**Q** 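Could you have a look at this structure, given as C-alpha cells, before my questions?
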Amino acid sequence: MSHEPQDDAVVRLLRLFAERLESYLEGDELAFETLGERIEEGHYSGDDLQNALWALRSAGQDGPVAAESALDGAPGKHALRVLSAEERETVSPEAWGYVLDLTRRGALDSAQVERVLDLMLGAGVRPVSLEMARELASRVVLEGDATDRGDMSHGDFEVIH
C-alpha cells in the first residue's frame with residue numbers, strides 16, 4: 001500500500017480519469033474498459049475514490065462552498081454504503097456484493113440494508129456467507145415493518161450453521 005498523502009492519491013486518480021477521457025475523445029472506444037484494473041493496480045482506498053468523486057462533482061460549482069454543498073443533503077440514489085471495520089470482518093465480500101446488488105436493483109432500501117447488516121452482525125458467524133445473506137435479506141423483505149422495528153414476528157432468530 002502506498003504511503004503517499006491522500007491528496008497525492010486523489011490527484012493521481014484525477015489524472016487517470018483525465019487520461020482515459022482524453023483517450024476516449026481521441027477515438028479509443030475501449031478507454032474505460034480497463035479503468036477498474038488501473039484503479040486496483042494503484043491501490044487506491046475507498047476514501048481516495050470518494051474524494052476524487054467529490055472533486056469532480058464540485059468542479060462545476062461556483063464559489064467557496066462548492067465542496068461543502070456536495071455534503072449537504074442525503075446521499076444520492078446511487079450512493080453506496082461503506083462498511084465499518086467490524087462489518088468488514090463479519091461480512092464476506094460475496095455477501096456484501098449480494099446486498100449491494102439488491103440495493104442497486106431496488107429490492108432493498110437503505111433502512112432494509114441496515115437491518116440486514118444488523119442481523120449479519122448479530123448472527124455470530126464470521127464471515128457471513130452468501131447463503132446467509134440471501135436468507136437474511138429475504139427475511140427482512142418478507143417480514144417488512146416487523147423487522148424494521150427490530151421485532152421478529154416469528155419468534156427468535158436462529159442461525160443455521
Side-chain angles (χ1 to χ4, degrees), residues 1-17 19-21 30-57 70-161:
M1 195 96 175
S2 174
H3 295 290
E4 296 176 50
Q6 188 171 7
D7 290 342
D8 289 344
V10 172
V11 170
R12 287 186 296 118
L13 264 171
L14 293 173
R15 283 187 187 133
L16 175 62
F17 296 154
E19 289 170 8
R20 293 306 172 133
L21 183 57
L30 302 176
F32 295 109
E33 292 293 322
T34 59
L35 181 60
E37 292 173 14
R38 292 282 307 271
I39 290 171
E40 287 180 14
E41 290 171 2
H43 300 286
Y44 298 103
S45 70
D47 287 341
D48 295 336
L49 292 168
Q50 186 66 53
N51 288 336
L53 173 65
W54 284 340
L56 288 171
R57 287 204 173 142
L71 302 174
D72 287 344
K77 177 181 177 184
H78 300 291
L80 297 178
R81 184 182 181 292
V82 177
L83 293 176
S84 69
E86 179 186 9
E87 291 166 338
R88 283 191 303 270
E89 290 176 5
T90 303
V91 181
S92 71
E94 296 82 11
W96 181 236
Y98 176 73
V99 172
L100 287 177
D101 187 52
L102 289 176
T103 304
R104 182 187 59 81
R105 293 179 189 203
L108 291 176
D109 62 26
S110 59
Q112 290 171 320
V113 169
E114 292 304 317
R115 181 67 182 133
V116 170
L117 282 171
D118 286 345
L119 291 172
M120 288 178 174
L121 290 172
V125 176
R126 292 194 179 181
V128 170
S129 67
L130 175 59
E131 293 77 25
M132 182 174 279
R134 285 183 178 138
E135 179 184 338
L136 296 175
S138 297
R139 186 173 296 196
V140 167
V141 169
L142 293 175
E143 292 181 357
D145 291 339
T147 57
D148 291 340
R149 290 189 313 266
D151 303 329
M152 299 300 278
S153 60
H154 302 294
D156 293 336
F157 171 72
E158 294 183 22
V159 178
I160 299 173
H161 296 281

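These values consider heavy atoms only, across backbone and side chains, with no hydrogens, waters or symmetry-generated copies. Bear in mind that the values here come from a model prediction, so they are computed numbers and not experimental data. Along the sequence shown, the residues carry numbers beginning at 1.
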**Q** Shortest non-hydrogen contact from Ser92 to Leu130?
**A**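 For Ser92 versus Leu130, the nearest heavy atoms are OG-N, 4.2 Å.
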**Q** With sequence neighbours left out, write down each residue that passes salt bridge (charged side-chain N to carboxylate O under 4.0 Å, His left out) with Glu87, or none if nothing qualifies.
**A**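 Testing Glu87 for salt bridge (charged side-chain N to carboxylate O under 4.0 Å, His left out), a comparison that skips the adjacent residues, returns Arg81.
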**Q** How would you list, by chain and number, every residue that makes a salt bridge (charged side-chain N to carboxylate O under 4.0 Å, His left out) with Asp101, sequence neighbours excluded?
**A**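 Listed in chain order: Arg104, Arg105.
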**Q** Enter the distance from Leu56:CG to Leu13:CG here, rounded to the nearest 0.5 Å.
**A**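 Between Leu56 CG and Leu13 CG, I get 9.0 Å after rounding to 0.5 Å.
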**Q** Any non-hydrogen side-chain atom of Leu117 less than 4.5 Å from a side-chain atom of Trp96?
**A**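 Touching, per the 4.5 Å side-chain cut-off.
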**Q** State the CG-CG distance between Leu14 and Leu53, to the nearest 0.5 angstrom.
**A**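 Interatomic distance, Leu14 CG to Leu53 CG, rounded to 0.5 Å: 10.0 Å.
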**Q** Please name all residues satisfying salt bridge (charged side-chain N to carboxylate O under 4.0 Å, His left out) with Glu131, sequence neighbours left out, ordered by chain then number.
**A**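 Glu131: no salt bridge (charged side-chain N to carboxylate O under 4.0 Å, His left out) contacts found.
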**Q** What are the two closest non-hydrogen atoms of Val125 and Val128, and how far apart are they?
**A**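 Answer, listing the atom of Val125 first, then Val128: O-CG2, 3.6 Å.
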**Q** Tell me every residue that passes side chain to side chain donor-acceptor pair (under 3.5 Å) with Arg126, counting only those two or more places apart in sequence or in another chain.
**A**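 Testing Arg126 for side chain to side chain donor-acceptor pair (under 3.5 Å), a comparison that skips the adjacent residues, returns Thr90.
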**Q** Suppose we screen for side chain to side chain contact (heavy atoms under 4.5 Å, CB included). Which residues come up paired with Thr34, at least two apart in sequence or across chains?
**A**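 Partners of Thr34 under the side chain to side chain contact (heavy atoms under 4.5 Å, CB included) test: Arg20, Glu37.
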**Q** Is it the case that the side chain of Asp118 and the backbone of Arg115 share a donor-acceptor pair, with hydrogens and angles ignored and the cut-off at 3.5 Å?
**A**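 Such a contact is absent between Asp118 side chain and Arg115 backbone.
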**Q** Go through the steps for Glu19 and Arg15 under the test salt bridge (Lys or Arg N to Asp or Glu O under 4.0 Å), then give the verdict.
**A** CA-CA 6 Å; Glu19 289 170 8; Arg15 283 187 187 133; over 6 Å; no
**Q** Taking atom CD of Gln50 and atom CG of Asp48, what is their separation to the nearest 0.5 Å?
**A**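 Separation between the atoms: 11.0 Å.
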**Q** May I ask you to test the Leu102-Gln112 pair for a side-chain heavy-atom distance under 4.5 Å?
**A**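 Side chain of Leu102 against side chain of Gln112, heavy atoms only: no contact under 4.5 Å found.
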**Q** How about CZ on Arg134, more than 12 heavy atoms from neighbouring residues, nucleotides or ligands closer than 6.0 Å, or not?
**A**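 For Arg134, atom CZ is crowded (more than 12 foreign heavy atoms under 6.0 Å).
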**Q** For Leu30, what residues pass the side chain to side chain contact (heavy atoms under 4.5 Å, CB included) criterion, not counting sequence neighbours?
**A**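 Testing Leu30 for side chain to side chain contact (heavy atoms under 4.5 Å, CB included), a comparison that skips the adjacent residues, returns Asp28, Glu33.
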**Q** Can you tell me how far the OG atom of Ser129 sits from the CD atom of Glu135, to the nearest 0.5 Å?
**A**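 With rounding to 0.5 Å, OG (Ser129) is 9.0 Å from CD (Glu135).
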**Q** If you define the side chain from C-beta out and look only at heavy atoms, does anything of Tyr44 sit under 4.5 Å from Arg12?
**A**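 Yes, close enough: below the 4.5 Å cut-off.
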